[in-house]
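Just so it is clear, the structure is predicted and the values come from calculations on it, not from any experiment. Residue numbers begin at 1 in each chain, while the letters A, B, ... track the order of the sequences.
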Amino acid sequence: MEKLRTVRGVHDLLPNELHKHNIVINAGLEISDKYNYSQIETPIFEFSEVFTKPLGMSSDIVTKENYIFKDRSEDELMLRPEGTSGVVRAFLNAGLVQDVPQRFSYYGPMFRYERPQKGRLRQFKQIGVECLGLSSSMADIEVISLGHDFLNKLDLLDKINLTINTLGDFESRQKYRDALINYLKGYQTKLSKDSIRRLSINPLRILDSKDPDDQKIIKHSPNILDFLNFESKIRFEEICKGLDHLNIKYNIDKNLVRGLDYYCHTAFEFVTNELGTQGTVLAGGRYDGLSKMLGGSDIPGVGWAAGIERLSLMISSEFVKQTDVVLMGQAESFNYLLLPIMKKLIQEGIKSEIIYTGNFSKKFKRANKINASYAIILGEEEINDKIFKFKNLKSGIEELLNLDQIIKKLKN
RNA sequence: GCGGGUGUAGCUCAGUUGGUUAGAGCGCGGGUUUGUGGUACCUGAGGUCGCCGGUUCGAAGCCGGUCACUCGCCCCA
């Protein structure tokens with residue numbers, strides 16, 4: 001038995017859990033469709049560069065969490081760690097640059113070789129949206145509003161807070177980065193080990209360090225908002241104004257940063273404190289540089305991705321198996337006679353199951369277990385008259401009817 | 001990748017300072033009910049005590065390793 005198990009951080013989805021995933025997915029796809037985002041699907045593996053180029057070599061996703069392998073033709077491939085790069089690649093590939101804006105939604109499995117935790121798996125599912133070809137801040141607002149409506153649809157907004165920030169454009173960020181490094185170098189001996197390492201790899205990441213000593217230092221660090229150039233500043237103000245206009249509540253957190261290289265300007269996260277340390281439930285931002293990093297033309301984009309497992313941990317819903325009708329015969333030889341009856345019911349859109357084994361007592365127990373509403377009973381008493389005993393399992397009422405009458409009753 | 005916790009039946013858990021046939025509740029099977037369920041009662045099956053090794057006359061309980069889960073860090077949805 002020991003050998004028969006899933007690999008670490010990769011789980012089976014039994015009906016009860018899958019049902020919750022599907023609730024999340026359907027809510028997301030539906031609201032996306034209303035916002036006129038069209039569903040797209042890209043392969044779960046790509047040439048490695050599709051991910052390594054845009055994500056950046058400073059990101060752990062690329063350096064230590066990847067599932068890279070060579071196939072039989074020696075191509076270096078990678079299981080996708082996120083959705084955006086593949087969607088943008090598909091967009092470029094299909095020549096849709098000629099036809100912007102394009103609005104996409106997607107969902108599917110992603111893969112990261114991480115240490116598993118609750119709400120963090122090695123194979124996990126994300127649902128996301130991407131709006132390509134619009135540089136206007138309106139697109140950012142639209143996308144956040146879509147995410148907000150999605151979470152509202154799942155009735156989770158009272159447990160989730162929206163935090164936003166801006167990273168500015170490349171110029172602003174570069175200036176800020178220099179100022180930040182300059183400031184932090186003064187505290188180099190007091191910073192945590194992780195942060196000293198970040199100082200050379202990804203200094204902005206120090207801003208959301210959880211180390212209490214780091215936080216004291218960060219408290220007085222330069223503020224990104226002071227380094228924004230005019231354009232970046234206006235753009236951020238527009239977004240705040242737009243969210244206000246939609247009555248979407250948010251906090252500005254100057255220390256909210258993004259780990260992936262392709263982000264710029266708007267960054268946002270919907271976070272809950274119900275899932276411990278894995279509280280980010282939906283997050284995204286603007287990624288104007290991504291298309292170019294992939295070797296395409298300069299196409300702006302903004303989007304988000306949400307963790308399906310994390311959201312499904314938060315929704316309360318139980319999968320209860322429902323069956324419209326069960327069919328049972330008195331003896332095993334009656335099962336053959338029930339087969340065409342069941343087929344007819346199914347054609348009428350009625351969810352049916354023949355209970356093949358056991359005596360009537362056992363068959364009724366089975367009927368209860370699968371939550372059947374009605375039973376069609378065929379025994380020696382009925383068979384000659386071409387009728388059935390039709391029993392309402394909730395009320396216990398039984399009547400003798402022919403098949404047409406039964407179907408009529410079931411469809412009323 | 002780093003640090004802490006946990007691991008006994010399908011599920012939730014008991015198991016006294018190591019002592020002989022490892023328990024309970026729920027669930028599952030059979031029966032009370034040879035054409036009728038959801039309740040009740042009776043009854044049965046199911047565990048190499050995560051895995052490997054060590055200490056011991058003797059290990060579910062101690063020690064070491066390993067795997068998985070879990071909490072935090074890293075990172076991220």
Side-chain angles (χ1 to χ4, degrees), chain A residues 1-3 5-11 14 16 24 28 55 58-66 81-84 107-128 147 192-195 197-198 201-202 205-206 208-212 214 257-260 268-272 275-285 303-314 326 328-331 334 355 357-372 374-375 377-383 389 391-398:
Chain A
M1 215 42 191
E2 264 310 298
K3 280 285 187 314
R5 53 163 203 233
T6 59
V7 308
R8 188 177 202 197
V10 176
H11 295 311
L14 269 44
N16 194 14
V24 172
L55 294 173
S58 68
S59 81
D60 281 7
I61 290 179
V62 166
T63 54
K64 71 172 196 192
E65 296 173 358
N66 65 60
E82 55 100 41
T84 304
Y107 80 92
M110 308 294 164
F111 305 84
R112 291 180 198 172
Y113 189 88
E114 295 191 272
R115 177 118 175 204
Q117 271 181 46
K118 187 178 183 178
R120 195 178 73 183
L121 301 168
R122 289 184 173 179
Q123 177 178 337
F124 59 103
K125 290 194 283 191
Q126 286 189 339
I127 182 165
S192 68
K193 259 187 190 164
D194 280 323
S195 287
R197 186 175 53 84
R198 291 182 185 115
I201 299 166
N202 198 344
R205 276 262 138 208
I206 297 174
D208 59 8
S209 168
K210 282 166 192 162
D211 184 283
D214 284 357
V257 292
R258 309 265 71 186
L260 311 180
F268 58 92
E269 283 183 359
F270 286 86
V271 182
T272 180
L275 299 178
T277 183
Q278 258 65 54
T280 302
V281 119
L282 184 153
W304 50 254
I308 289 169
E309 287 81 359
R310 289 181 187 181
L311 286 171
S312 83
L313 284 170
M314 295 184 71
V326 292
M328 48 179 90
Q330 190 168 3
F334 290 68
I355 300 175
T357 58
N359 55 28
F360 274 117
S361 176
K362 279 185 209 161
K363 282 172 176 164
F364 274 98
K365 279 182 181 165
R366 166 79 187 167
N368 285 331
K369 197 158 51 172
I370 62 177
N371 229 323
Y374 296 92
I377 302 152
L378 180 61
E380 275 159 19
E381 290 171 21
E382 294 85 9
I383 197 158
K389 194 171 269 183
K391 178 166 183 172
N392 181 328
L393 291 170
K394 308 292 180 223
S395 68
I397 296 168
E398 296 180 353

Tell me which nucleotide, if any, is Watson-Crick or G-U wobble paired with [N] when both distances must be under 3.5 Å.
{"N": "C69(B)", "value": "G5(B)"}
{"N": "G25(B)", "value": "C11(B)"}
{"N": "G64(B)", "value": "C52(B)"}
{"N": "G38(B)", "value": "none"}

Roughly how many Å is it from [atom1] in [X] to [atom2] in [N], rounded to a whole number?
{"X": "Asp214(A)", "N": "G72(B)", "atom1": "CG", "atom2": "P", "value": "19 Å"}
{"X": "Asn66(A)", "N": "C76(B)", "atom1": "CG", "atom2": "C1'", "value": "15 Å"}
{"X": "Phe334(A)", "N": "G35(B)", "atom1": "CZ", "atom2": "P", "value": "12 Å"}
{"X": "Asp208(A)", "N": "C76(B)", "atom1": "CG", "atom2": "C1'", "value": "10 Å"}

Review item, nucleotides 2-6 of chain B N/O atoms under 3.5 Å of protein N/O:
residue, atom, partner, partner atom, Å
C2(B), N4, Arg115(A), NH1, 2.9
G3(B), O6, Arg115(A), NH2, 3.2

Of Gln330(A) and Lys394(A), the one whose closest nucleotide on RNA chain B sits nearer the 5' end is Gln330(A)
Could you check Gly9(A) against Glu65(A) and say which one's nearest nucleotide on RNA chain B is further toward the 5' end? Gly9(A)
Which heavy atom in [X] sits nearest to a heavy atom in [Y], and how many Å separate them?
{"X": "Leu311(A)", "Y": "Ala306(A)", "answer": "CD1-CB, 3.9 Å"}
{"X": "Gln123(A)", "Y": "Pro109(A)", "answer": "NE2-CB, 3.7 Å"}
{"X": "Ala367(A)", "Y": "Leu393(A)", "answer": "CB-CD1, 4.1 Å"}
{"X": "Gly119(A)", "Y": "Gln278(A)", "answer": "O-CG, 3.7 Å"}
{"X": "Lys394(A)", "Y": "Asn392(A)", "answer": "N-OD1, 2.8 Å"}

Within the structure shown, what part of the strands sits under 4.0 Å from [X] by heavy-atom distance: base, sugar-phosphate, or nothing?
{"X": "Ala283(A)", "value": "sugar-phosphate"}
{"X": "Ile308(A)", "value": "nothing"}
{"X": "Arg197(A)", "value": "sugar-phosphate"}
{"X": "Ile370(A)", "value": "nothing"}
{"X": "Asn368(A)", "value": "base"}
{"X": "Gly128(A)", "value": "nothing"}
{"X": "Lys118(A)", "value": "sugar-phosphate"}

Distance check, [atom1] atoms only: [N] and [M], in whole angstrom units.
{"N": "U16(B)", "M": "C11(B)", "atom1": "C1'", "answer": "26 Å"}
{"N": "G44(B)", "M": "C52(B)", "atom1": "C1'", "answer": "35 Å"}
{"N": "A9(B)", "M": "C28(B)", "atom1": "C1'", "answer": "11 Å"}
{"N": "U70(B)", "M": "G31(B)", "atom1": "P", "answer": "41 Å"}
{"N": "G50(B)", "M": "G15(B)", "atom1": "P", "answer": "15 Å"}
{"N": "U66(B)", "M": "G7(B)", "atom1": "C1'", "answer": "13 Å"}
{"N": "A24(B)", "M": "A45(B)", "atom1": "P", "answer": "12 Å"}
{"N": "A68(B)", "M": "C51(B)", "atom1": "C1'", "answer": "10 Å"}

G61(B): syn or anti, per glycosidic angle within 90° of 0: syn
If you take atom types as modelled and just measure distance, does the side chain of Glu398(A) reach the base of G35(B) with a donor-acceptor pair under 3.5 Å? no
Given the structure, check if the side chain of Lys363(A) and the base of U36(B) hold any donor-acceptor pair shorter than 3.5 Å. no
Closest to the [X] side chain, choosing from [options]:
{"X": "Ile377(A)", "options": "U36(B), C74(B), C75(B)", "value": "U36(B)"}
{"X": "Gln117(A)", "options": "C73(B), C75(B), U36(B)", "value": "C73(B)"}
{"X": "Arg205(A)", "options": "A77(B), C75(B), U36(B)", "value": "C75(B)"}
{"X": "Arg120(A)", "options": "C74(B), U36(B), G35(B)", "value": "C74(B)"}
{"X": "Lys389(A)", "options": "A77(B), G1(B), G35(B)", "value": "G35(B)"}
{"X": "Lys210(A)", "options": "U36(B), C74(B), A77(B)", "value": "C74(B)"}
{"X": "Glu381(A)", "options": "G35(B), C74(B), A77(B)", "value": "G35(B)"}
{"X": "Arg198(A)", "options": "A77(B), U36(B), C74(B)", "value": "C74(B)"}

Given C69(B), is OP1 or OP2 found less than 4.0 Å from the side-chain N or O atoms of Arg8(A)? yes
Glu114(A) backbone acceptor or donor facing Arg122(A) side chain under 3.5 Å: yes
Any side-chain heavy atom of Phe124(A) sitting closer than 4.5 Å to one from Arg112(A)? yes
Would you sort out whether Arg310(A) and Leu282(A) count as a side-chain contact (heavy atoms from CB on, under 4.5 Å), showing the intermediate values? CA-CA 9 Å; Arg310(A) 289 181 187 181; Leu282(A) 184 153; over 6 Å; no
Is there ring stacking between Phe364(A) and G38(B), where the centres must be under 5.5 angstrom apart and the planes under 30 degrees? no
Protein-nucleotides 26-31 of chain B N/O pairs under 3.5 Å:
residue, atom, partner, partner atom, Å
G30(B), OP1, Lys362(A), NZ, 3.0

Which residues within residues 275-282 of chain A lie with some heavy atom under 4.0 Å of an atom in RNA chain B? Gly276(A), Thr277(A), Thr280(A), Val281(A), Leu282(A)
Over 60° means perpendicular and under 30° means parallel, so tell me whether Phe364(A) and Phe360(A) are parallel, tilted or perpendicular. tilted
